[in-house]
Each structure stands twice: as C-alpha cells, then as structure tokens.
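Worksheet: one structure, shown below.
By convention in this document, chain letters (A, B, ...) are assigned in the order of the sequence lines, proteins followed by strands, and residues within each chain are numbered from 1. Every heavy atom of this structure was used, including side-chain atoms; hydrogens, water molecules and symmetry mates were not.
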There are 2 protein chains.
Amino acid sequence: MSGSAERPGLACDGANPLALERQLCFALYAASRAMTRAYQPMLQALDITYPQYLVLLVLWERDGTVAAGDDGAAISVGALGRQLMLDSGTLTPLLKRMEIRGLLDRRRGTEDERVTVVTLTDAGRALRPQALAWVEKQRDSTKLTHRDVKELHAGLWKLLEALGGDLP
Amino acid sequence: MSGSAERPGLACDGANPLALERQLCFALYAASRAMTRAYQPMLQALDITYPQYLVLLVLWERDGTVAAGDDGAAISVGALGRQLMLDSGTLTPLLKRMEIRGLLDRRRGTEDERVTVVTLTDAGRALRPQALAWVEKQRDSTKLTHRDVKELHAGLWKLLEALGGDLP
DNA sequence: GCAATTTATATTGCGCACAACTAAATTGTG
DNA sequence: CACAATTTAGTTGTGCGCAATATAAATTGC
C-alpha cells in the first residue's frame with residue numbers, strides 16, 4: 001500500500017460536512033437507542049417492550065387525572081397515536097400483544113363504531129409503581145446534571161417543533 | 001359516570017414524574033424518528049434507507065482520508081458496528097442488501113478469514129455529492145439556530161457518554 | 001334518501017434493532 | 001503441537017416503524 005497522495009477535496013477530516021460524528025441525525029439516532037438499552041432492566045422486569053411502556057405512560061397519566069372508578073384511561077387508537085406520534089400500523093399489533101398480556105382492553109366505540117377504544121386493566125395499572133421506583137432511582141444515579149437533562153429535553157422539543165411540519 | 005373525586009396521589013398532572021412529555025426518553029425517541037422522516041426525501045431519491053445512509057457516511061469519510069486509488073474505504077463489519085453502535089445481526093443483512101444494490105463489496109479478509117471486509121464501490125461513491133447537496137440545503141432552511149443545533153449535538157454526545165457503560 | 005367523500009382502524013410487506021445462538025478461525029498456553 | 005478460550009460473523013426469532021393499501025362506518029352534498 002502507498003499511504004501518500006491524499007484526495008484533494010477531503011484531505012482534512014475536520015472539513016468534511018458529512019463526517020458521521022458531526023451529524024445531529026446520528027447523535028439522535030445513537031442516543032435514542034442507547035436510552036432504550038438503558039431501560040432494558042426495568043422493561044424485562046415488567047416483561048414489556050419500550051414502545052409498550054410508552055403506551056402505558058399515556059394510560060397511567062390519563063388514569064391519574066380522572067375520577068376514581070370511572071374509566072378515564074380509555075383512549076382511542078387515533079388519539080394514542082397522535083400523542084406517541086405513531087400510526088395504526090405500529091399500534092394495532094402492539095396493542096393486541098398488550099391485550100393478550102392482559103395489560104389493557106380493546107373494544108369498539110359504542111357511539112362511533114369506527115374507533116377502537118383502549119382501556120387500562122388492573123394488571124396494567126399494577127405495573128406503574130415498579131416503573132416509577134425504577135425511574136426515580138435512575139434519576140439519582142445518572143451522570144448528567146439536572147440542568148443538562150433539562151436543556152437537552154428543551155432542545156429536543158424545540159427540534160420536534162421545527163420538524164413538526166413533517167409529522168405523519 | 002361521576003366526574004368528580006380525583007385520585008389523591010396524581011391529582012395534579014404537573015406532579016406526575018411519569019408524564020409522557022416530561023420523559024427525556026420519549027423526547028429522544030420521537031425526535032429521532034422525526035429526524036429520520038425529515039431525511040426521507042433525500043433517501044428516496046438515492047433509493048437507500050436511513051441506516052444504509054449512515055453506513056455510507058462511514059465509508060465516504062474513510063474514502064476521503066486515504067490515498068487515491070488505494071482502497072482505504074475498506075472496513076470490517078466489526079469496526080463498522082463499533083462506529084455506528086450496531087451489531088452484526090443488524091449489519092449483516094443490511095450490508096448484503098447494499099451489496100446487491102451495488103453500493104459496496106463484501107469479501108473475507110485475506111489475513112484473518114473470520115472478518116468480512118466491506119469496500120465502497122464507484123456506485124456508492126457516486127451518491128455522495130447528492131447527499132452533500134441536500135444536507136447543505138437543509139442546513140440553511142432549518143428553523144433552528146446554528147447555536148441550538150450545536151448545543152443539542154453536544155448534549156446528545158454527553159448523554160451518549162453517560163450511557164456509554166451500557167453499550168453493546 | 002342515498003351516492004360520494006371523509007374518517008378511523010386494520011392489514012400487508014419490508015427493513016431495521018437486538019437478544020440468543022451457532023460456526024469457524026485465531027490465539028494463548030502447557 | 002494439542003486444545004481450550006477468545007474473537008468475528010452469521011443465523012434465527014420477535015417486535016417495532018412506516019408506507020401503501022384495504023375495509024368499513026360515519027358524514028356530507030345534492
């Protein structure tokens with residue numbers, strides 16, 4: 001192998017606008033997967049997947065803001081998809097698996113027969129304390145400052161808003 | 001349905017540590033997918049997928065830093081996986097599809113027969129200018145300031161480092 | 001009142017991600 | 001040198017993501 005005579009246009013790494021580590025898109029992509037990996041211990045303990053956990057976050061949240069006993073955690077597939085920014089092609093099979101696991105119920109709306117309404121079960125409700133405990137524990141053991149996390153969070157939402165026009 | 005008597009512990013939404021929009025993990029997850037969506041116009045024009053684009057970024061980068069004519073873009077599957085933080089279960093079929101598309105070559109290493117070496121072809125090299133043009137155009141039309149992008153980028157790498165202990 | 005359109009979900013097909021496992025080559029060690 | 005341990009890819013199986021399409025119920029227009 002020779003080893004000399006570099007290509008002219010790209011000789012200096014620092015000048016390459018397509019360098020992997022310079023891409024915001026790659027940092028996002030890698031960080032998102034690393035974060036999902038970090039959640040694996042809890043997810044395995046609860047025997048759910050990461051997007052299933054996100055569905056539960058939505059159901060738990062609604063469950064907490066409504067009258068006790070009343071089925072306020074009920075939400076349509078469409079509304080769920082809008083919150084999670086996921087479409088029915090992703091949600092339908094995912095929700096079916098969660099239904100089989102006994103974490104939620106799926107039935108057709110009584111007023112509008114087109115909608116499928118998802119409802120949290122007691123089994124699904126029962127996972128919340130474990131998830132909460134784990135999340136609080138992680139919050140304490142993270143190597144990032146509270147300020148770093150807050151700034152990152154704000155920056156990500158700003159990015160989401162900037163890209164919002166391309167939402168599904 | 002009643003409609004009154006909220007649940008005690010969660011009555012105030014703002015106090016729910018598991019609220020979806022408060023989760024850094026969800027902001028990351030949603031932003032990463034929104035970013036991938038934003039790349040779709042270019043990816044479709046080049047007839048590649050997003051992770052295939054990332055592979056090309058690595059190969060283009062290596063291609064630019066070595067002697068012309070010498071096959072410096074060559075890289076093992078393992079080294080590629082380390083850069084992209086992906087394992088062989090993801091990369092092997094992805095690289096096979098790229099080989100069929102004619103974007104790269106895959107052959108066994110001559111010294112060590114365990115490794116598979118991936119090499120950029122002229123067809124793969126030819127996609128770079130189009131990608132570069134698109135990326136530069138986006139950089140100008142983004143609604144985020146250069147400063148916002150830089151801070152977000154830095155924050156994401158800081159997070160990646162913090163989570164680094166859990167890398168595959 | 002009913003055809004045309006819109007809305008809401010489900011289905012299909014492809015390509016990741018990643019865990020778990022297998023196979024083959026290489027290295028280290030007595 | 002023999003051979004166990006390690007390294008490197010590949011294989012298999014499950015579950016997303018999402019585009020494209022299908023289906024069916026509800027709404028609108030005339």
Atom pairs under 3.5 Å: protein N/O with N/O of nucleotides 24-27 of chain C:
from, atom 1, to, atom 2, distance (Å)
dT26(C), OP1, Glu111(B), O, 3.1
dT26(C), OP1, Glu113(B), N, 3.4

Dump the pairs, protein N or O against N or O of nucleotides 10-12 of chain D, anything under 3.5 Å, distances to one decimal.
from, atom 1, to, atom 2, distance (Å)
dG10(D), OP1, Arg106(B), NH2, 2.8
dG10(D), OP1, Thr116(B), OG1, 3.0
dG10(D), OP2, Thr92(B), OG1, 2.8
dG10(D), N7, Ser88(B), OG, 2.8
dT11(D), OP2, Lys96(B), NZ, 2.7

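With sequence neighbours excluded, the residues that form a side-chain contact (heavy atoms from CB on, under 4.5 Å) with Arg114(A) are Asp112(A). Here Gln83(A) pairs with nothing under the side chain to side chain donor-acceptor pair (under 3.5 Å) rule; sequence neighbours left out. The ring pair (Phe, Tyr, Trp, His ring centres under 6.0 Å) check on Tyr29(A) picks up Tyr50(B), with sequence neighbours excluded.
Between the Gln23(B) side chain and the Pro17(B) main chain, a donor and an acceptor come within less than 3.5 Å of each other. The backbone N or O of Leu103(A) sits less than 3.5 Å from a side-chain atom of Thr121(A), completing a donor-acceptor pair.
Within 4.0 Å of Ser76(A), counting heavy atoms only, lie sugar-phosphate atoms of the nucleic acid but no base atom.
Of all non-hydrogen atoms in Arg106(B) and Thr116(B), the two that sit nearest each other are CB-CG2, 4.2 Å.
Less than 4.0 Å separates DNA chain D from at least one heavy atom of each of the following residues of residues 44-53 of chain A: Thr49(A), Pro51(A), Gln52(A).
Relative orientation of the Trp60(B) and Tyr53(B) rings is perpendicular, given thresholds of 30° and 60° on the angle between their planes.
For the pair Arg33(A) and Gly78(A), both in contact range of DNA chain C, the more 5′-proximal nearest nucleotide belongs to Gly78(A).
Taking 4.5 Å as the limit, some side-chain heavy atom of Arg37(B) sits within range of a side-chain heavy atom of Arg33(B).
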>> Run Lys150(B) and Asp148(B) through salt bridge (Lys or Arg N to Asp or Glu O under 4.0 Å) and show every step you take.
In response: CA-CA 5 Å; Lys150(B) 262 184 65 179; Asp148(B) 281 339; over 6 Å; no

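Taking 4.0 Å as the cut-off between side-chain N and carboxylate O, Arg108(B) and Glu113(B) do not count as a salt-bridged pair.
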